[in-house]
Structure formats: structure tokens, C-alpha cells
Amino acid sequence: MPDPKSLLETIENQLMTDEQRQAYHDKLKSESYMRWLAFYYLGRREQSKKELRDKLLAKGCDAAAIEALLTEFEAEGYQSDERMTSALIKEGIGKQHGTQRIFQTLKKHGLTTVRSVSAINAWIEMHNDFFEDLLLNDIESDTDLAEAYEVDWLAQAVAARVRKYGDAIPTEPKEKARQLRFLQYRGFAADVCFDALKYDLTTLANR
């Protein structure tokens with residue numbers, strides 16, 4: 001027995017004029033191409049909704065069709081701004097970047113999931129499971145996990161400084177200024193940058 005949907009499409013196709021039939025097939029071809037492009041971009045790396053929209057628009061895809069596709073992909077989990085946000089924050093932590101640098105990276109990718117620099121810590125706390133393998137503070141067995149899942153930004157800054165300049169604490173004003181600029185470029189908050197100049201790895205562990 002023929003599928004009712006296929007039968008209806010066959011009847012509708014027969015009732016079309018040549019121009020309507022051509023337009024219909026062009027539409028199907030266009031949507032198929034758009035879907036292929038979307039999967040291609042997502043297969044290369046995570047894409048924010050804005051990035052995927054902009055890339056599909058640049059390829060001449062229909063704006064309304066793009067929005068429908070984005071809604072579908074988000075519902076199916078193919079595309080997720082939340083997942084990409086967590087991935088970029090985690091990547092930034094792994095690169096020993098500070099919160100300001102990480103926030104700029106999120107903005108660069110068109111993500112609006114984190115509204116401010118100060119909200120990064122809250123995001124990490126809300127998505128503990130995603131970040132637990134990068135925790136920089138020791139967790140005691142009797143410690144409340146919700147409180148322990150925090151990034152030690154000072155430890156991050158000291159580690160970045162030591163990796164670049166060695167473990168010695170800078171004492172000369174010129175050297176202090178040079179290392180301070182480096183930490184600011186890495187995106188650490190001003191107070192973290194200044195404090196990071198006061199510690200080496202040993203004193204940091206004993207603070």
C-alpha cells in the first residue's frame with residue numbers, strides 16, 4: 001500500500017506547472033545543500049549559532065530556512081552554544097588564560113551565554129561535571145564539591161609567569177613591568193597580575 005505522504009506529494013507534483021515544479025526542486029536542492037554545509041562546518045569544529053548562521057548566509061542560503069535549521073539543530077543537539085561556551089572556557093583554562101582573555105574569546109565567537117567577565121566563575125560552578133578534570137585546587141574527601149569546584153586564577157597566573165620567565169620572583173622594576181604586561185595580555189584581572197609577581201611555585205603551594 002503506497003505511503004499516504006508520498007502519494008500526496010506525487011499528486012501535488014503532477015498538478016504543478018513546469019515553473020512550479022522547477023522551483024520546488026530548486027528549493028529541495030537548496031535546503032539539502034544548506035544542511036550538508038551545516039554538518040560540514042560542525043564536523044570541523046564546534047560552531048556558535050551566530051557563526052553557523054553567518055557562514056550559511058555567506059553561501060547564499062535562505063535566511064528563513066537557516067533559522068528553521070538552527071532551531072532543529074539546537075533541539076537535536078547538533079549545535080549548542082552552551083556546549084561551545086564550556087569548551088572554550090575549558091580550552092582557555094588549559095592555555096593558562098585569565099578570565100578577561102576567555103571572555104573576549106567567547107565574544108569573538110558570537111556567544112552571549114556569558115554576559116560578563118565576572119560570570120565566568122558562575123558558569124564553571126554551574127557546569128561542574130564538564131570542568132572537573134581541570135580543577136586546580138585539591139579537593140578533600142569531606143569538602144563540599146559545589147564549593148570546591150573553582151578555578152584558582154592566581155595559581156593559573158603564577159604557572160603562566162613561571163613557564164615564561166622561570167620560577168624566580170622579579171625584583172627589578174623593569175622586570176616587574178615586563179612580567180606584569182605579559183600577565184595582563186594573558187587576560188588576568190589586575191589584582192591577580194600583581195599578586196602573581198609575589199609568588200613562585202613553592203610559596204604559592206604554601207600560602
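Position 1 is the first residue of the sequence; numbering continues from there. What you see below is based on every heavy atom in this structure, not just the backbone, and it leaves out hydrogens, waters and symmetry mates.
For the pair R101 and F188, the cation-pi test (distance below 6.0 Å, angle within 45°) is failed.
Here the shortest heavy-atom pairing between K176 and L197 reads O-CD1, 3.8 Å. Annotation for M34 and A65: closest pair CE-O, 3.6 Å, computed over non-hydrogen atoms. Nearest heavy atoms, E46 versus M84: O-CE, 3.5 Å. Listed here is the closest heavy atom pair of Y78 and L42: O-CD1, 3.8 Å. The two residues S86 and W123 have their closest heavy-atom pair at OG-NE1, 2.9 Å. In this structure, D167 and L201 approach most closely via the heavy-atom pair OD1-N, 3.0 Å.
Residues L180 and I169 are members of separate hydrophobic clusters, defined by side-chain heavy-atom contacts under 4.5 angstrom among Ile, Leu, Val, Met, Phe, Trp and Tyr. By the rule that hydrophobic residues join a cluster once side-chain heavy atoms approach within less than 4.5 Å of another member, V117 and Y185 end up as members of separate clusters. Cluster annotation: L52 is connected to Y33 through the hydrophobic network of ILVMFWY side chains, with a link wherever side-chain heavy atoms come within less than 4.5 Å.
For CZ of R44, the number of neighbouring non-hydrogen atoms (other residues, nucleotides, ligands) closer than 6.0 Å is 12 at most. The number of heavy-atom neighbours closer than 6.0 Å to CZ of R207, taken from other residues, nucleotides and ligands shown, is above 12. Residue R83 qualifies as enclosed at atom CZ: its count of foreign heavy atoms under 6.0 Å is above 12.
Between the side chain of D81 and the backbone N or O of T112 there is no donor-acceptor pair closer than 3.5 Å. Proximity of a side-chain donor or acceptor of S48 to a complementary backbone N or O of H109 within less than 3.5 Å is detected. Between the R186 side chain and the A160 main chain, no donor and acceptor come within less than 3.5 Å of each other.
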Margin query: Apply side-chain contact (heavy atoms from CB on, under 4.5 Å) to residues F131 and V151 and explain how you reach the verdict.
Written below: CA-CA 9 Å; F131 294 94; V151 175; over 6 Å; no
Margin query: For a side-chain contact (heavy atoms from CB on, under 4.5 Å) check, start with the C-alpha distance between F103 and L88, then their side-chain angles and the critical distance, and finish with the verdict.
Written below: CA-CA 9 Å; F103 182 66; L88 288 176; over 6 Å; no
Notebook entry, point to check: Does the pair L183 and V192 meet the rule for a side-chain contact (heavy atoms from CB on, under 4.5 Å), with working shown?
Noted result: CA-CA 9 Å; L183 292 171; V192 174; over 6 Å; no
Item checked: CA sep, side-chain torsions, deciding dist, call: L106, T113, side-chain contact (heavy atoms from CB on, under 4.5 Å) -> CA-CA 9 Å; L106 297 178; T113 40; 5.5 Å; no
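Looking at E51 and R45, their side chains come closer than 4.5 Å, going by heavy atoms from C-beta outward. When side chains are defined from C-beta on, I93 counts as touching I102, because their heavy atoms get closer than 4.5 Å.
To the nearest 0.5 angstrom, T99 atom OG1 is 10.5 Å from Q156 atom CD. Expressed to the nearest 0.5 Å, how far CZ of R161 lies from CZ of F182 amounts to 10.0 Å. Taking CZ of F194 as the start and CD of Q184 as the end, the distance is 6.5 Å to the nearest 0.5 Å. Interatomic distance, CD of E82 versus CE of M126, reported as 7.5 Å (0.5 Å rounding). The line from OG1 of T71 to CD of Q79 is 10.0 Å long, rounded to the nearest 0.5 Å. Atom CG of L37 sits about 10.0 Å away from atom CG of L69, to the nearest 0.5 Å.
Salt bridge status for K95 with E91: present, with a side-chain N to carboxylate O gap under 4.0 Å.
Take K108 and apply the side-chain hydrogen bond (donor to acceptor under 3.5 Å, both in side chains) test, not counting sequence neighbours, and it matches no residue. For the salt bridge (Lys or Arg N to Asp or Glu O under 4.0 Å) test, residues two or more places apart in sequence or in another chain that qualify with K50 are D54.
Side-chain contact annotation: D200 with T203, donor-acceptor N/O pair under 3.5 Å present. No side-chain donor-acceptor contact under 3.5 Å links Q100 and Q104.
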